[in-house]
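When reading the values below, keep in mind they use all heavy atoms of this one structure, side chains included, and skip hydrogens, waters and symmetry mates. Reminder, nothing fancy here: chain letters follow the sequence lines and each chain counts from 1.
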Number of protein chains: 2
Amino acid sequence: MDKTSQKIIDVTMKLIKEKGYVATTTIDIANGSHINECTIFRKFKGKKDIVLSGMKQEKWCANVSASIFQDVKWDLQLDLEMFMRNYLERITPDFVSLSVGLRAPQIYEDTMPYIMKIPEAFLQTLVLYFKSMNEKGKIGTFDFECLAMTIFSSTFGFTFLKASFGEQLSRVKQEEYITNSVSLFLKGIQHE
Amino acid sequence: MDKTSQKIIDVTMKLIKEKGYVATTTIDIANGSHINECTIFRKFKGKKDIVLSGMKQEKWCANVSASIFQDVKWDLQLDLEMFMRNYLERITPDFVSLSVGLRAPQIYEDTMPYIMKIPEAFLQTLVLYFKSMNEKGKIGTFDFECLAMTIFSSTFGFTFLKASFGEQLSRVKQEEYITNSVSLFLKGIQHE
DNA sequence: ATATAATGCAAGTAATTACTTGCATTAGGA
DNA sequence: TCCTAATGCAAGTAATTACTTGCATTATAT
C-alpha cells in the first residue's frame with residue numbers, strides 16, 4: 001500500500017468516526033489529507049472502495065486478530081478482568097463511533113461482516129475459555145454460549161453506552177465497572 | 001396534531017428506521033405518505049423539524065414514560081426477569097434501528113437527549129428498585145449504580161447485538177438469555 | 001539527464017436534494 | 001351554497017456531491 005492511498009484511507013476513517021459515512025464527502029477527504037480530490041479517484045474506484053480497503057486493514061479492525069486472551073492465568077477473576085479490560089482498551093469510544101458511522105445503508109451490507117468480526121472474536125474466545133475452565137474442573141457446567149453472551153453483552157453495552165452518552169448517562173468509571181461486574185459474575189459462576 | 005402531519009411523521013420515522021436520517025429524502029417521505037412534497041414543508045419547517053416533532057411523541061419513545069416496573073413483586077428473580085422482558089419487548093430491533101438512524105451528525109445534537117431518555121429511565125428505575133430491596137432487607141449493600149449499569153448494559157448489549165447482527169452472531173434466544181443471565185445475576189447478588 | 005509514473009490544478013458534469021412558489025383543485029364548516 | 005383552509009400539481013432554484021478529464025508539474029528511478 002503506497003503512502004498516498006494509506007493517507008486517504010486513514011483520513012477517510014477518521015472522518016467517518018466524526019461524521020459518519022454519508023456526511024463524509026470526498027472533498028472533506030481531499031482537504032483533510034492534502035491530497036487532490038481527483039487523485040483519490042485515481043487510487044480508488046470510488047468512495048465506497050476507500051472504506052472497504054480500510055476495513056481490510058488490521059489497524060482499522062482493532063487488531064482483533066492479535067490474541068485476545070494473551071495471558072490467561074486460568075483464574076476466573078483475573079482472566080475475566082483481563083478480558084474486559086482488553087475489550088475496553090481496544091474498542092475505544094472512537095472505535096464505536098466508527099462502527100456506527102459505518103452503518104449507512106449504502107455500505108452496511110458490505111461493512112457488516114467486518115464490523116461483526118470483533119464481537120464474534122471476543123464471544124468465541126470467551127466460550128472457548130469457559131469450556132477449558134470447565135474441563136480443568138475450575139467451573140461448573142453451564143450453557144457457555146449464553147454465559148459468554150451475558151458477559152460480552154454487558155462489556156459491549158457499557159462501551160457503547162459510554163461512547164454514546166458519556167458521563168451524562170452514568171458516572172460509573174471503567175475500572176469501577178470492571179471490578180464490580182466481574183465480582184458479580186464471579187459469584188454467579190462459582191456459586192456453590 | 002392533524003392527520004396529515006401525523007402521517008408525515010410516521011412515514012418519516014419508518015423510513016429512518018430503514019435507511020437512516022441522511023438517506024431518507026423528502027421525496028421518499030412524500031411518496032411513502034402519498035402526501036405532496038410541498039405540503040410537507042407547509043406543515044413543517046424542514047426535514048429536521050419532522051424528526052424532532054416525532055421524537056416528542058410517546059409513540060416514538062417506546063412509551064417509556066409508562067411505568068416500567070408495573071408489577072413489582074419484590075422478588076429478585078421475578079422482578080429482574082420482568083425488567084429484562086419489559087425492555088426487550090419495548091426496545092425492538094426496529095427501535096434500535098431507529099436510534100441508530102437518528103445518529104446523523106446533522107441532528108444528533110438535537111435527538112440525543114430524546115434517545116438517552118430510554119436508557120436513563122431504565123437505569124434509574126433499576127437503581128431505585130435495588131435501593132428499595134436493600135431497605136426491605138432482601139439484598140445486601142452494593143454500589144447500586146454500578147450494579148444497575150451491569151445489568152442494564154447486558155440487557156442493552158444483547159438487544160443491540162441482536163438487532164445489528166441477528167442470528168449470525170449468536171443463536172442464543174431471548175427467553176433463554178433472560179433466564180440464564182438473571183440466574184447468574186441472582187446468584188451473584190444473593191451470594192451468601 | 002531523461003523517461004516514466006504520480007500528483008496537482010482547474011474546470012466541468014450529471015445527479016441528487018432540501019426547499020420554494022404560483023396557481024388550481026378539493027373538502028369541510030357555517 | 002359559499003367561503004376558507006388544506007392540499008395537489010408543476011416547475012423551478014440553489015446547493016451539494018461523487019466522479020471525470022485534459023493538461024501542467026513534480027518526483028523517482030535508472
Peer 1: At 4.0 Å (heavy atoms only), tell me whether A:Lys45 reaches a base, stays on the sugar-phosphate, or touches nothing.
Peer 2: nothing

Peer 1: Measure from the side-chain heavy atoms of A:Asn36 and tell me the nearest of C:dC9, C:dC19, D:dA18.
Peer 2: C:dC9

Peer 1: Describe the nucleic acid contact of A:Ile35 in one word from base, sugar-phosphate, nothing, applying a heavy-atom distance below 4.0 Å.
Peer 2: sugar-phosphate

Peer 1: Measure CD/A:Glu37 against C1'/C:dT13 and give the value in whole Å, please.
Peer 2: 13 Å

Peer 1: Between D:dG8, D:dA18, C:dA18, which one does the side chain of B:Thr26 approach most closely?
Peer 2: C:dA18

Peer 1: From the set D:dT7, C:dT7, D:dA18, return the single nucleotide nearest to any side-chain atom of A:Lys47.
Peer 2: D:dA18

Peer 1: Might you confirm whether atom NZ of A:Lys19 has over 12 heavy atoms from other residues, nucleotides or ligands at distances under 6.0 Å?
Peer 2: yes

Peer 1: What distance do B:Thr150 atom OG1 and A:Phe158 atom CZ have between them, rounded to the nearest 0.5 Å?
Peer 2: 8.5 Å

Peer 1: Counting side-chain heavy atoms from C-beta on, which of C:dG8, D:dA18, C:dT20 comes nearest to B:Phe41?
Peer 2: C:dT20

Peer 1: Which of these nucleotides, C:dT20, C:dC9, D:dC19, is closest to any side-chain atom of B:Cys38?
Peer 2: C:dT20

Peer 1: Start at the 5' end of DNA chain D and walk down; is the nucleotide closest to A:Val22 or to B:Lys43 reached first?
Peer 2: B:Lys43

Peer 1: Kindly check if the number of other-residue, nucleotide or ligand heavy atoms within 6.0 Å of CD (B:Glu58) is above 12?
Peer 2: yes

Peer 1: Among D:dT7, C:dA10, D:dT17, which is the nearest nucleotide to the side chain of A:Thr25?
Peer 2: D:dT17

Peer 1: Tell me, yes or no, whether the heavy-atom count around A:Glu167 atom CD, taken from other residues, nucleotides or ligands under 6.0 Å, exceeds 12.
Peer 2: yes

Peer 1: Please determine, for the side chain of A:Arg42, which listed nucleotide (D:dT7, D:dG8, C:dT7) has the closest atom?
Peer 2: C:dT7

Peer 1: Between B:His34 and A:Ile27, just flag the one whose closest nucleotide in DNA chain D comes earlier from the 5' side.
Peer 2: B:His34

